[in-house]
Amino acid sequence: MDSLKTTISKTILFYALIFLALACEQKPSENTDTNSSLPALPTADANNGGLTLPDNFGTVVVADSTGRARHIAVNDQGDIFIKMRRLKEEKGILTISDTTGNGKMDTFSGFDLYTGTGIHIYNNYLYASSDSSVYRYPLENGAVPAEAEPEVIVSGFPIQRSHASKTLAFDNAGNIYVNVGGPSNACMEESRTPGSPGMDPCPQLEYQAGIWRFDANKPGQTQKEDGYRYATGIRNAVALEWNDKENSLYALQHGRDQLNNLFTDLYTDEQSAELPSEEFLQINEGDDFGWPYCYYDHFKNQKILAPEYGGDGEKTGRCEDIKAPIMAFPAHWAPNDLLFYTGDLFPEKYKNGAFIAFHGSWNRGPFAQKGYSVVFVPFKDGKPSGDWEIFATGFKGKDEIMSPSEAAHRPVGLAQGPDGSLYISDSVKGKIWRVMYYDNVTTASL
Amino acid sequence: MNKFYLIFISIALFIAACGGAKNEAEQTETTAQEEVKSEPEEKVAEAAVPRGQGIYKTYCQVCHQADGNGVPGMNPPLTQTEWVLGEKERLIKVVLNGLNGEIEIKGEIYNNVMASHSFLTDKQIADVLTYVRSSWGNDASEISEEEVAAVRASNEG
């Protein structure tokens with residue numbers, strides 16, 4: 001009897017162990033069935049790095065404080081290149097790597113000496129921009145060799161202090177697209193001065209406030225000699241991306257500031273906080289989106305004549321035939337990066353949809369500042385197929401802030417990893433999050 | 001009857017809202033001047049602060065923020081910086097001439113353009129700077145209308 005009991009007990013124990021082993025198999029840390037050729041997803045951080053995400057998404061904070069980060073790029077090995085707004089230990093571009101496979105970056109190195117925003121991997125080169133030039137570096141096994149010298153691809157962009165970020169996008173035909181922001185709020189004769197009229201025509205449109213196209217493979221180009229003005233009338237498109245599926249350029253424009261502060265008689269504080277829209281643009285060659293003469297009002301669903309050019313908040317005037325955005329977002333949220341998701345890790349609804357990093361507002365005062373989030377927009381046939389939704393929040397570190405310097409973090413850059421993870425960078429401390437989907441399995445954080 | 005009552009109330013509100021501010025400013029000014037006779041320095045500053053706060057809200061707050069901390073990378077902070085607490089002449093000139101150039105404060109670089117605010121009166125500039133120099137933990141002396149007038153004269157000359 002005893003031996004039978006022992007046998008039964010052993011059998012139960014055996015199956016229990018198998019059951020446990022199978023159950024363990026489903027834990028995120030060992031979840032390998034998304035893409036068998038890639039390493040397992042690392043276990044999500046207990047608090048998702050302070051972020052709130054949709055169900056079954058989790059994050060790992062891959063690096064906590066890399067410095068004043070801007071845009072990021074991820075290579076096929078999962079290493080991250082970070083373009084710095086301020087030099088970090090005398091380096092303008094950081095490379096961070098995870099050598100242990102736990103998702104935490106443990107190796108930091110850096111190179112070059114200029115600050116800026118744009119960074120992108122294209123045809124086995126790493127492209128990066130200062131506020132006046134675009135450079136590239138050859139990649140060997142995904143890394144920039146120690147002895148590599150940067151090639152200057154484009155130089156000679158106007159020196160400007162406002163809206164100076166030269167963000168980059170690449171098509172499939174060997175072209176690079178560069179954002180050249182307008183150097184002012186609305187091309188006033190006296191910059192940001194109450195009541196000052198707008199210059200007409202605005203001379204800033206000649207070499208700024210648009211998207212310029214260049215040959216991505218030709219060193220030594222200058223904007224004036226080699227640049228082609230692909231689109232104009234865009235105040236500042238920090239978020240700029242080529243959509244391979246649609247074979248088209250997309251961007252988000254930072255709308256103008258200070259309607260009430262500059263035109264007290266025409267706009268209330270409330271109107272100034274809620275207008276104008278941040279515009280999501282689908283850009284064809286030759287398009288003009290109307291800056292500085294027009295802005296978009298998402299309550300009226302119209303381009304409105306700017307007050308610097310005789311507008312009163314109602315008149316449409318010369319703006320009637322100006323191309324409208326494909327979607328409009330609340331005012332002043334500051335869209336700073338755009339990514340079309342092509343990975344397999346996230347659920348089907350995210351495929352080919354747009355993620356947008358909103359840096360967060362500064363000129364909604366006297367009301368609370370808003371934005372400070374990553375938003376998702378579902379896409380079909382090159383257009384939004386539904387409303388936008390908040391994908392990631394919690395960057396601010398508290399529910400309500402009145403001033404941007406209160407924000408613990410501000411999302412600024414997005415990149416997709418080789419396994420379909422979404423990476424988000426932060427401009428305040430340089431925190432980098434890796435967002436993953438855990439395939440209906442309870443994440444470690446839940 | 002009700003209609004007339006409503007119109008009366010509306011007109012009263014309009015006068016209160018649109019004319020009142022001016023009256024209030026004038027009254028405050030008068031009070032301040034009266035008090036100058038008995039206790040010169042301090043009382044002027046006390047009256048200047050609420051006046052300065054109103055000017056700050058209208059012309060400065062959108063960029064420099066309600067907490068005076070500015071916007072990282074764009075608009076510089078007004079708290080605990082020599083630009084505000086130090087030499088009065090440089091500070092007055094920033095308001096009169098604006099500032100168009102990169103400045104660095106505590107390791108952060110600020111880039112946005114500040115417009116000239118020379119359209120404000122000497123008194124308004126004195127009030128708003130006195131408010132800024134005594135708010136958010138700042139504790140610097142007041143700036144007088146005469147000091148602004150003197151800088152404006154030398155600035156223009």
Side-chain angles (χ1 to χ4, degrees), chain A residues 67-68 70 85-87 115 117 131 159-165 181 183-185 188-196 254 257-262 264-265 267 269 272-273 332 334 336 359-369 401-407 409-410 412 426-429, chain B residues 14 17-18 21-22 53-81 84 94-121 124-125 128 132 135-137:
Chain A
R68 304 297 300 276
R70 294 288 279 176
R85 183 185 198 120
R86 302 298 310 275
L87 296 180
T115 58
T117 295
D131 287 349
I159 301 296
Q160 60 189 86
R161 281 179 291 275
S162 296
H163 309 149
S165 296
S184 66
N185 181 32
M188 281 178 152
E189 282 178 13
E190 299 291 333
S191 192
R192 295 188 190 256
T193 301
S196 175
H254 281 217
D257 307 323
Q258 292 175 269
L259 282 169
N260 163 259
N261 181 238
L262 299 173
T264 312
D265 297 343
Y267 298 89
D269 279 346
S272 193
H332 315 306
N336 269 8
H359 201 216
S361 73
W362 62 268
N363 72 114
R364 284 180 49 86
F367 309 104
Q369 303 298 345
I401 60 171
M402 299 308 290
S403 161
S405 62
E406 293 176 58
H409 303 285
R410 303 179 73 182
V412 65
D426 147 49
S427 70
V428 180
K429 297 265 167 50
Chain B
F14 180 79
C18 303
K22 201 182 169 194
Q53 185 174 25
I55 295 160
Y56 183 82
K57 277 186 179 164
T58 306
Y59 298 105
C60 318
Q61 182 169 300
V62 65
C63 292
H64 294 289
Q65 305 293 312
D67 61 6
N69 280 331
V71 180
M74 298 185 70
N75 311 320
L78 305 176
T79 52
Q80 306 303 312
T81 161
V84 168
V94 169
V95 177
L96 289 172
N97 301 334
L99 200 59
N100 189 359
E102 204 170 83
I103 66 166
E104 184 168 339
I105 296 175
K106 291 174 193 158
E108 178 79 30
I109 288 171
Y110 298 90
N111 269 324
N112 209 356
V113 174
M114 172 165 163
S116 156
H117 283 63
S118 58
F119 57 85
L120 296 173
T121 66
Q124 285 175 313
I125 292 174
V128 76
V132 164
S135 300
W136 319 296

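Neither the backbone nor the side chain of Gln160(A) comes within contact range of chain B; no heavy atom of the residue lies under 4.5 Å from a heavy atom of that chain. There is no contact between Met114(B) and chain A, counting heavy-atom distances below 4.5 Å. Looking at Arg192(A), both its backbone and its side chain come within 4.5 Å of chain B, counting heavy atoms on both sides. Only the side chain of Asn75(B) comes within contact range of chain A, with at least one heavy atom under 4.5 Å from a heavy atom of that chain. With a threshold of 4.5 angstrom between heavy atoms, Gln258(A) approaches chain B through side-chain atoms but not through N, CA, C or O.
Within the 4.5 Å cutoff, the side chain of Asp67(B) has heavy atoms near those of the Glu406(A) side chain. With a 4.5 Å cut-off on side-chain heavy atoms, Thr193(A) and Ser116(B) do not count as touching. The shortest side-chain heavy-atom distance between Val71(B) and Ser405(A) does not fall under the 4.5 Å cut-off.
Of the inter-residue distances, the one linking His163(A) atom NE2 with Asn111(B) atom CG reads 10.5 Å to the nearest 0.5 angstrom. Atoms CH2 and CD, from Trp362(A) and Gln65(B) in turn, are 7.5 Å apart once rounded to the nearest 0.5 Å. For the atom pair OG of Ser191(A) and CG of Asn112(B), the computed distance is 7.5 Å after rounding to the nearest 0.5 Å.
Taking each heavy atom of Arg410(A) and Pro72(B) in turn, the nearest pair found is NH1-CD, 4.4 Å.
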Residues 57-64 of chain B side chain polar contacts: donor-acceptor under 3.5 Å, at least two apart:
unit_1: Thr58(B); atom_1: OG1; unit_2: Gly54(B); atom_2: O; d: 3.1
unit_1: His64(B); atom_1: ND1; unit_2: Pro76(B); atom_2: O; d: 2.9

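Between chain B and the residues Asn363(A), Val428(A), Asn261(A), the largest count of heavy-atom pairs under 4.5 Å involves Asn261(A). Each of Arg85(A), Arg86(A), Met402(A) has some count of heavy-atom pairs under 4.5 Å with chain B, and the biggest count is that of Arg86(A).
Judged by distance alone, the side chains of Asn69(B) and Ser403(A) never bring a donor and an acceptor atom under 3.5 Å apart.
Other residues, nucleotides and ligands contribute more than 12 heavy atoms inside 6.0 Å of the CD atom of Glu189(A).
Glu108(B) pairs by the salt bridge (Lys or Arg N to Asp or Glu O under 4.0 Å) definition with Arg68(A), not counting sequence neighbours.
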